[in-house]
Protein chains: 2
Amino acid sequence: MASRRSTPPAAGRPAPASPWRASRERLRDREVKREAVIRTAAREFNRKGYHNTSLDDIAARLEVTKPTVYYYVTSKEQLLFECFVAGVEQIRAAFREVTGLPVPARARLSAVLRHYGEAVASEFGWCMVRAEDQDLSPAMSRHIKQLKSEIDHGIRRLIREGIQDGSIEPCDAKMTAFALAGALNWIAHWYREDQSLTGAQIAEAFVAIFEGGLRPRRGPARPSARPRLRRARASLAR
Amino acid sequence: MASRRSTPPAAGRPAPASPWRASRERLRDREVKREAVIRTAAREFNRKGYHNTSLDDIAARLEVTKPTVYYYVTSKEQLLFECFVAGVEQIRAAFREVTGLPVPARARLSAVLRHYGEAVASEFGWCMVRAEDQDLSPAMSRHIKQLKSEIDHGIRRLIREGIQDGSIEPCDAKMTAFALAGALNWIAHWYREDQSLTGAQIAEAFVAIFEGGLRPRRGPARPSARPRLRRARASLAR
DNA sequence: TAGGTATCCTACTCACGGGTAAAGAGACGG
DNA sequence: CCGTCTCTTTACCCGTGAGTAGGATACCTA
């Protein structure tokens, strides 16, 4: 119960080498370093969770000390917020990309969802999806909620448009949006252990499932197992 | 940034009155009190998250002091674990209920998913879904992972059976299971603010979406918006 | 070379919260 | 009436981790 947030001090994994000690060039590109801080934080949050990651951990990853991190960022909270925004921005870009395209709304929706899935599987995915408003100050919490809500309503709108243009089966737009976003958000939970697929592949597979559904399409009807007992049906009805 | 885990000390909400001060009977029903501790913990975790909930908070809710809580539970970690198990048990029960029923696998799957959704929307939903293995000791982490995996594989099995008996459209069982479970798990994130629907209603709506998918069923074909530009399609392909 | 500025460090403060020691307060059997 | 067992309290310990003060170092400009 003691040492769980352990990390082999400076594990040699040369992920994206820290811009400090790494390059002797010492370019004063403040922005580059700042981004390195944020990316590193995102990776650590992703690995151990927000609360199990100390700023000392992040600093250690960068081969720097804590005050240095504070030189680029004002608080841990803000760090999480920046990671969140970085993730969300990818999705907002996806929306901008598809608006106005002259294809059925379902195609536009699918395109957005593909980007959405990739974003969730990205480095900032965890932060974007799991940034708990409970962990943030009221102000930032509001901000995050608003960004999330924007995306949610964007999805709902595409669903409604799809129902109108006939490319989407009539349904409850709100519930459907929750289901789609939820399935994609959850990728952040399991995409970590098993990296055998790329984010794009996962997103593609999910979109296919969303579009088709479980029920078999009319095709070579395979009339093998048809309901035989009414009693069983009744018991399923609960 | 300071007082966020605030709680009006003893807000008069007589939810499920604490078995202490409440009853003068003073029954030595240790078990009853123990369960009250766990339920209260679940509610608090659900409201503020695991890390933002102190044992003092939980004790205060019960109108008791911290050592009393420790009298019924050995650690905060165990508290989370108990909440988790309480949630998962509902789902395991659902599996037991449907195994062997003489209906197509898709019907059995839908029944399980309905129970699943209700469980996630229940009091223990949050704990079940969000119990981070990072927050727990290696031993408990393993235990939780195993329980989760059991459920996951149960869903995959039902999907495979459905594909075999023709009640489910052929698909990647693993990915599909992830998508379904993810959508349902995510309910725990948003079902809190908006309680206008019951857990059962949500689960029902989700199952309908899963089964049908977005693509319109062959019916009164509404050939309104058909793809007109190939350029647009290409740009969507990314 | 002097003064200024940007960057990073050592060495702290301090509150919070998990967990414990040990002492009451009843209840009950004998 | 006393010892004992169960339950709950008051009063503490102490590690952790966010955040800071203030001093070095290096680099740039005049």
Side-chain angles (χ1 to χ4, degrees), chain A residues 1-7 18-37 40-41 44-45 48-81 134-137 140, chain B residues 1-7 18-37 40-41 44-45 48-81 134-137 140:
Chain A
M1 175 74 165
S3 63
R4 203 168 321 121
R5 52 193 63 107
S6 63
T7 296
S18 113
W20 279 268
R21 160 178 309 230
S23 61
R24 189 51 44 200
E25 334 169 293
R26 279 295 197 85
L27 23 87
R28 69 234 20 105
D29 296 18
R30 202 188 154 88
E31 211 41 48
V32 172
K33 295 187 183 175
R34 189 183 145 83
E35 274 171 26
V37 169
T40 303
E44 291 302 290
F45 291 158
K48 305 187 295 184
Y50 179 68
H51 290 281
N52 296 326
T53 301
S54 71
L55 284 178
D56 281 311
D57 289 341
I58 296 170
R61 279 274 175 202
L62 291 163
E63 298 172 51
V64 181
T65 56
K66 186 165 59 176
T68 300
V69 173
Y70 272 99
Y71 183 72
Y72 291 96
V73 130
T74 70
S75 68
K76 189 181 182 185
E77 187 185 28
Q78 195 213 346
L79 207 42
L80 177 58
F81 182 74
Q134 308 142 341
D135 297 333
L136 294 136
S137 65
M140 288 208 171
Chain B
M1 173 79 162
S3 63
R4 204 170 320 122
R5 52 193 64 106
S6 62
T7 296
S18 114
W20 279 267
R21 161 178 307 234
S23 62
R24 186 59 39 208
E25 336 169 290
R26 278 295 196 84
L27 25 86
R28 70 234 19 106
D29 296 15
R30 204 188 152 89
E31 211 41 47
V32 171
K33 295 186 182 175
R34 189 183 145 83
E35 273 169 28
V37 169
T40 303
E44 291 303 288
F45 291 159
K48 305 186 295 186
Y50 179 69
H51 290 282
N52 296 327
T53 302
S54 72
L55 283 178
D56 281 312
D57 289 341
I58 296 170
R61 277 273 174 201
L62 291 163
E63 297 172 51
V64 181
T65 56
K66 186 166 58 174
T68 299
V69 173
Y70 273 99
Y71 184 73
Y72 292 95
V73 129
T74 71
S75 67
K76 188 182 182 184
E77 187 185 29
Q78 196 213 345
L79 207 43
L80 177 59
F81 182 75
Q134 309 142 340
D135 297 334
L136 295 140
S137 66
M140 288 209 170

Side chain of [X], heavy atoms from C-beta onward: which of [options] has the nearest atom to it?
| X | options | result |
| --- | --- | --- |
| Leu55(A) | dT8(D), dG19(D), dC9(C) | dG19(D) |
| Ser54(A) | dC9(C), dT8(D), dA18(D) | dA18(D) |
| Thr68(A) | dT8(D), dC8(C), dG19(D) | dC8(C) |

Give me the distances for all protein-to-nucleotides 20-24 of chain C N/O pairs that come in under 3.5 Å?
none

Checking Lys76(A) against Phe45(A): charged group under 6.0 Å from the ring centre and within 45 degrees of the axis? no
Rounded off to whole Å, could you give me the [atom1]-to-[atom2] distance for the [X] and [N] pair?
| X | N | atom1 | atom2 | result |
| --- | --- | --- | --- | --- |
| Leu80(A) | dG19(D) | CG | P | 12 Å |
| His51(B) | dC16(C) | NE2 | P | 18 Å |
| Asp56(A) | dA11(C) | CG | P | 15 Å |
| Arg30(A) | dC27(D) | CZ | P | 18 Å |
| Asp135(B) | dG17(C) | CG | C1' | 15 Å |
| Glu63(B) | dT8(D) | CD | C1' | 14 Å |
| Gln78(A) | dG19(D) | CD | P | 11 Å |
| Leu62(A) | dT7(C) | CG | C1' | 15 Å |

[N] phosphate, OP1 or OP2: any side-chain N/O from [X] under 4.0 angstrom?
| X | N | value |
| --- | --- | --- |
| Tyr72(B) | dT8(D) | yes |
| Tyr71(A) | dC8(C) | no |
| Thr65(B) | dT8(D) | no |

List the residues meeting side-chain hydrogen bond (donor to acceptor under 3.5 Å, both in side chains) with Glu35(A), not counting sequence neighbours, and say none if there are none.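 With neighbours one apart ignored, the set is empty.
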Go through the steps to decide whether His51(B) and Asp135(B) satisfy the test side chain to side chain donor-acceptor pair (under 3.5 Å), and finish with yes or no. CA-CA 9 Å; His51(B) 290 282; Asp135(B) 297 334; 2.9 Å; yes
Does some side-chain heavy atom of [Y] sit less than 4.5 Å from a side-chain heavy atom of [X]?
| X | Y | answer |
| --- | --- | --- |
| Val73(B) | Leu55(B) | no |
| Tyr71(A) | Arg30(A) | yes |
| Val37(A) | Thr40(A) | no |

Who are the ring pair (Phe, Tyr, Trp, His ring centres under 6.0 Å) partners of Tyr70(B), not counting sequence neighbours?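 None.
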Straight-line distance of Leu62(A) CG to Thr68(A) OG1, nearest 0.5 Å: 9.5 Å
For the pair Asn52(A) (side chain) and Lys48(A) (backbone), establish whether a donor and an acceptor sit closer than 3.5 Å, ignoring hydrogens and angles.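 A pair under 3.5 Å: yes.
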Have a look at the helix from dG4(C)-dC27(D) to dG30(C)-dC1(D) and give the angle its two end axes make, five pairs each, rounded to 10 degrees.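 Comparing the first five pairs with the last five, the axes sit 10° apart.
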